[in-house]
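Computed from heavy atoms alone, side chains included, the values below leave out hydrogens, waters and symmetry copies. Note on naming: letters A, B, ... go to the chains in the order of the sequence lines (proteins, then strands), and numbering restarts at 1 for each one.
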Protein chains: 2
Amino acid sequence: MSETPNLDRTDRRILEALQRDARLPMRELASIAGAAPSTCSERVRRLESRGVITGFHTAVDLGALGRSVEAMVFTQVRPLSRDLIDQFHSDALAMPEVMAVFVLAGGDDFLLHVGVRDVAALHSFLVDNLSSRREVVQFRSSIVYGHGRKEALEDLTESSR
Amino acid sequence: MSETPNLDRTDRRILEALQRDARLPMRELASIAGAAPSTCSERVRRLESRGVITGFHTAVDLGALGRSVEAMVFTQVRPLSRDLIDQFHSDALAMPEVMAVFVLAGGDDFLLHVGVRDVAALHSFLVDNLSSRREVVQFRSSIVYGHGRKEALEDLTESSR
DNA sequence: GTTGAAAGCTGTTGAAT
DNA sequence: ATTCAACAGCTTTCAAC
């Protein structure tokens, strides 16, 4: 969204802290960022309006949501037109089992991150929702045994070093 | 974490709303969930202590963090021992470019979700951080052209239907 | 752009149901 | 376990630098 965000040290500290805890009180955030609470409040609001901060989300345990089995489904669709890609993208994301969709270049066309109740539900999903679609030429699924997500992404911009 | 979370309608409404906006005021959350603000407050706290809510996070635009290029890197490591898997998992997650790590079954062993400045940086990462490692037998990378994440994951438990 | 103090609002606490 | 009302604490506003 933003081309030259030009984040300064304060912004980067705010973003790092807020990625770890979106509900961090302004007072604490201020002491971490090294600024006054009112300044932080203003900074956060500007980061939102600039499109740097895109949202505040709550992470939920997948097991608690009846999604103990996770899998990555690599999918090829044909013909590879813009319309078909967009259509499949939104269709896939609308499926209850699909948690995220990635459009890839080379090899497979899509990567679907799915979360389901058990292996039987995964099989049902593959057979009923993917095999049945005419545009789906091929797919292959891998069970996810574990995953790790970085708590806070650092700014890799040169100027920030 | 929790085996029988047994989420009721109120819990599910709270989780859905909070996944979309972790900073939703208790008053609004209460009206959405159909309960008193104090009840919501208690519910949220219990969901946290039960391990259903695992965190509150802020989403940041990848371009703003100097990560305009995203890629999925499928990696095979050998020998496939528990120790080596755990080691590579934590090593990979410690790399600045790596945003998430998935341990897969079948085909490839790992899937690395990376975010870098440009294609040159991706190449550097592959050559310097992966090729150079002795345990890495093979890898293949796909540029991510786009992605979509579900705003709120619904509960797929039978009893919740 | 930043700060400090006042104002307004929000979240939580406790007694009662 | 939930609710209402009062409190305490916070965030935000605004004038000043």
Side-chain angles (χ1 to χ4, degrees), chain A residues 1-61 64-66 152 155 157 159-161, chain B residues 1-61 64-66 152 155 157 159-161:
Chain A
M1 248 15 35
S2 42
E3 279 305 319
T4 313
N6 216 352
L7 305 171
D8 65 10
R9 212 173 311 125
T10 304
D11 288 327
R12 291 196 301 273
R13 284 179 184 154
I14 288 174
L15 290 177
E16 187 188 322
L18 246 35
Q19 283 183 82
R20 292 207 168 80
D21 184 3
R23 286 189 151 191
L24 204 64
M26 274 298 166
R27 292 183 50 171
E28 296 184 31
L29 185 59
S31 73
I32 292 173
S38 53
T39 305
C40 273
S41 192
E42 172 65 14
R43 288 293 189 115
V44 172
R45 198 175 4 215
R46 277 196 61 196
L47 288 168
E48 284 188 69
S49 66
R50 281 203 282 167
V52 176
I53 289 178
T54 59
F56 303 99
H57 305 293
T58 297
V60 179
D61 179 74
L65 293 179
D155 185 2
T157 306
S159 61
S160 73
R161 305 220 158 176
Chain B
M1 239 108 261
S2 42
E3 279 306 318
T4 312
N6 216 351
L7 306 171
D8 65 9
R9 213 171 312 127
T10 304
D11 288 328
R12 290 196 302 273
R13 284 179 184 155
I14 289 174
L15 290 177
E16 187 188 322
L18 247 35
Q19 283 183 83
R20 291 206 169 80
D21 184 3
R23 286 188 153 192
L24 204 64
M26 275 299 167
R27 289 183 49 171
E28 296 183 32
L29 186 60
S31 74
I32 293 172
S38 53
T39 305
C40 273
S41 191
E42 172 66 15
R43 289 294 188 113
V44 172
R45 200 171 353 190
R46 278 195 60 193
L47 288 168
E48 285 188 69
S49 66
R50 281 203 281 167
V52 176
I53 289 178
T54 60
F56 303 100
H57 305 293
T58 297
V60 180
D61 180 74
L65 293 178
D155 184 2
T157 306
S159 62
S160 73
R161 306 221 156 177

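- A straight line from CG of B/Asp11 to C1' of D/dA1 spans 12 Å, rounded to a whole angstrom.
- Remark: side-chain polar atoms of B/Thr58 are not paired, donor with acceptor, to backbone N or O of A/Phe56 under 3.5 angstrom.
- A sub-4.0 Å separation between OP1 or OP2 of D/dA1 and a side-chain N or O of B/Arg45 is absent.
- Nearest heavy atoms, B/Arg20 versus A/His57: O-ND1, 3.5 Å.
- Taking each heavy atom of B/Cys40 and B/Met26 in turn, the nearest pair found is CB-SD, 3.9 Å.
- The interatomic distance linking B/Leu7 (CG) with D/dA1 (C1') rounds to 17 Å, in whole Å.
- B/Glu42 has its CD atom 16 Å from the C1' atom of C/dA15, to the nearest Å.
- For A/Ser38 against D/dC14, a side-chain-to-base donor-acceptor contact under 3.5 Å is absent.
- Contact annotation: A/Arg43 does not reach the phosphate of C/dG1 (side-chain N/O to OP1 or OP2, under 4.0 Å).
- Of the side-chain N and O atoms in A/Arg46, one or more sit less than 4.0 angstrom from OP1 or OP2 of C/dG1.
- The closest donor-acceptor contact from the side chain of A/Arg23 to the backbone of B/Ala22 lies under 3.5 Å.
- Of the residues in residues 15-37 of chain A, those lying under 4.0 Å from DNA chain D by heavy-atom distance are A/Pro25, A/Met26, A/Arg27.
- Among the atoms of the strands shown, only primed sugar atoms or phosphate atoms (P, OP1, OP2) are found under 4.0 Å from some heavy atom of A/Ser41.
- Nearest approach of B/Leu7 to B/Arg12, heavy atoms of both residues: O-NH1, 2.9 Å.
- Nearest approach of B/Asp11 to B/Asp8, heavy atoms of both residues: N-OD1, 2.8 Å.
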